[in-house]
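Take a look at the structure set out below.
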Amino acid sequence: MEELKKIALKNLQNQHFDTLAVGVIDFSQETFESFEVHNQKDLDTGLDFYFDLASLTKPLTLASTYQLHKNLFDEKSIRLLNHRAGLISGGRISPKGWRKYIKDFFVSTSDQDTIYSDYSALRTMVEVEERAKRPLYELCSSFWDEELVSWLDLPWDCFSPVTGTRHNFPICGEVHDDNAYYLDEKVSHAGLFSTIGGLCRSLLNLNSNDQLLKHMDEVFNDFPNQRFKGGWDTVTDLENTLAGKGCGERTFGHLGFTGTSIWIDLDKKRGAVILTNATQNYWYDR
């Protein structure tokens with residue numbers, strides 16, 4: 001970890017963001033190590049930044065709900081969860097009647113290619129909430145550490161890096177995703193914030209209390225020819241993968257638009273978490 005920190009401090013000056021947190025999780029030992037650097041300085045203040053997790057919200061809400069409450073998912077919901085229901089990738093949503101708008105999209109029951117879609121994530125949320133008669137965040141948050149929260153519940157005195165600009169003001173301590181911001185409620189495609197420690201502890205909780213790795217071992221068998229499995233992204237090409245060259249075949253995880261990622265090697269029982277504010281100066285590049 002000290003070597004990784006030296007690399008981070010050396011290279012941060014060449015990046016278009018100024019804050020980075022890295023965590024390495026050992027699921028066998030139920031431990032993690034982490035560090036955080038900001039503006040080319042090592043942070044060791046005990047006041048960790050709360051990062052906008054962006055689309056890491058999807059697995060932390062939807063994939064975990066599938067793991068914890070599989071009975072709430074029918075074939076249609078599973079197609080939506082795995083981005084194979086034919087919904088378009090996304091677009092601007094009006095807060096007025098947005099659930100009806102999302103429900104009006106046709107859900108394909110044929111064998112569809114993967115179309116990664118915020119709309120699919122929101123539709124999964126709507127379907128599951130209607131079946132459970134409970135809010136999604138009540139269903140999925142049992143394993144969350146106290147430092148993993150919705151942007152609507154951020155501590156008033158927390159530190160959060162700037163992720164861009166909205167109406168000529170810095171986006172800081174508010175969700176970066178415009179739909180999540182204007183919907184102004186707890187949704188499934190974006191909106192969670194966390195410190196590096198909060199996210200690592202949450203993933204350890206999900207494994208120690210609810211057997212994440214055992215669940216994913218079964219999920220890999222259930223969806224052998226699909227990229228998304230149980231709401232998690234996976235590796236389809238070892239030489240060209242979002243998880244990074246050198247990962248194992250049974251690696252799962254997810255990316256977030258603001259510059260965040262989780263990747264877990266199922267066989268090595270090790271995970272990596274990287275949190276940045278990579279959109280700080282490139283917020284407009286959709």
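By convention here, the first residue in the shown sequence is residue 1.
Here the CE-NZ distance, from M125 to K58, works out to 12.5 Å after rounding to the nearest 0.5 Å. Rounded to the nearest 0.5 Å, atoms CG (L204) and OG1 (T31) are 7.5 Å apart.
Annotation: side chain of L4 is in contact with side chain of F35 (closest heavy-atom distance under 4.5 Å). For the pair I25 and V273, the minimum side-chain heavy-atom distance is below 4.5 Å. Between F51 and S160, every side-chain heavy-atom pair lies at or beyond the 4.5 Å cut-off. The shortest distance between side-chain heavy atoms of V24 and M1 falls below 4.5 Å.
Using cut-offs of 30° and 60° for the angle between ring planes, the F73 and Y66 rings count as perpendicular. A tilted orientation is assigned to the rings of Y116 and H83, their planes being inclined by 30° to 60°. Using bins of under 30°, 30° to 60° and over 60° for the plane-to-plane angle, the ring pair Y182/H167 lands in the perpendicular bin.
In this structure, the ring of Y119 has its center no less than 6.0 angstrom from the ring center of W98. Taking the six-membered ring for Trp and the full ring otherwise, Y50 and F193 have centroids separated by 6.0 Å or more.
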What do the steps show when you test K5 against E36 for salt bridge (Lys or Arg N to Asp or Glu O under 4.0 Å), and what is the final call?
-> CA-CA 8 Å; K5 188 190 295 183; E36 186 171 284; over 6 Å; no

Stepwise ring pair (Phe, Tyr, Trp, His ring centres under 6.0 Å) check, Y137 with W144 | CA-CA 10 Å; Y137 278 48; W144 292 359; 5.5 Å; yes

List the steps and the verdict of salt bridge (Lys or Arg N to Asp or Glu O under 4.0 Å) for D233 and R227.
-> CA-CA 6 Å; D233 201 355; R227 173 182 160 186; 2.8 Å; yes

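Under the 4.0 Å criterion applied to side-chain N and carboxylate O atoms, R134 and E129 are not assigned as salt-bridge partners. The pair K269-D265 does not meet the salt-bridge criterion, since no charged nitrogen lies less than 4.0 angstrom from a carboxylate oxygen.
Not one N or O on the side chain of T258 forms a donor-acceptor pair closer than 3.5 Å with the backbone of T279. Side chain of T57 to main chain of S188: no donor-acceptor pair is present (N/O by atom type, distance under 3.5 Å, no hydrogens or angles). Between the side chain of Q211 and the backbone N or O of S208 there is no donor-acceptor pair closer than 3.5 Å.
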Return all side-chain donor-acceptor pairs below 3.5 angstrom for residues 239-247, not counting sequence neighbours, or 'none' if the list is empty.
from: E239; atom 1: OE1; to: K245; atom 2: NZ; distance (Å): 3.4
from: T241; atom 1: OG1; to: A243; atom 2: N; distance (Å): 3.1

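No chain of hydrophobic side-chain contacts below 4.5 Å, direct or via other Ile, Leu, Val, Met, Phe, Trp or Tyr residues, connects V162 to I171.
With a 6.0 Å cutoff to the six-membered ring centre and a 45° limit on the axis angle, R270 does not count as a cation-pi contact of F27.
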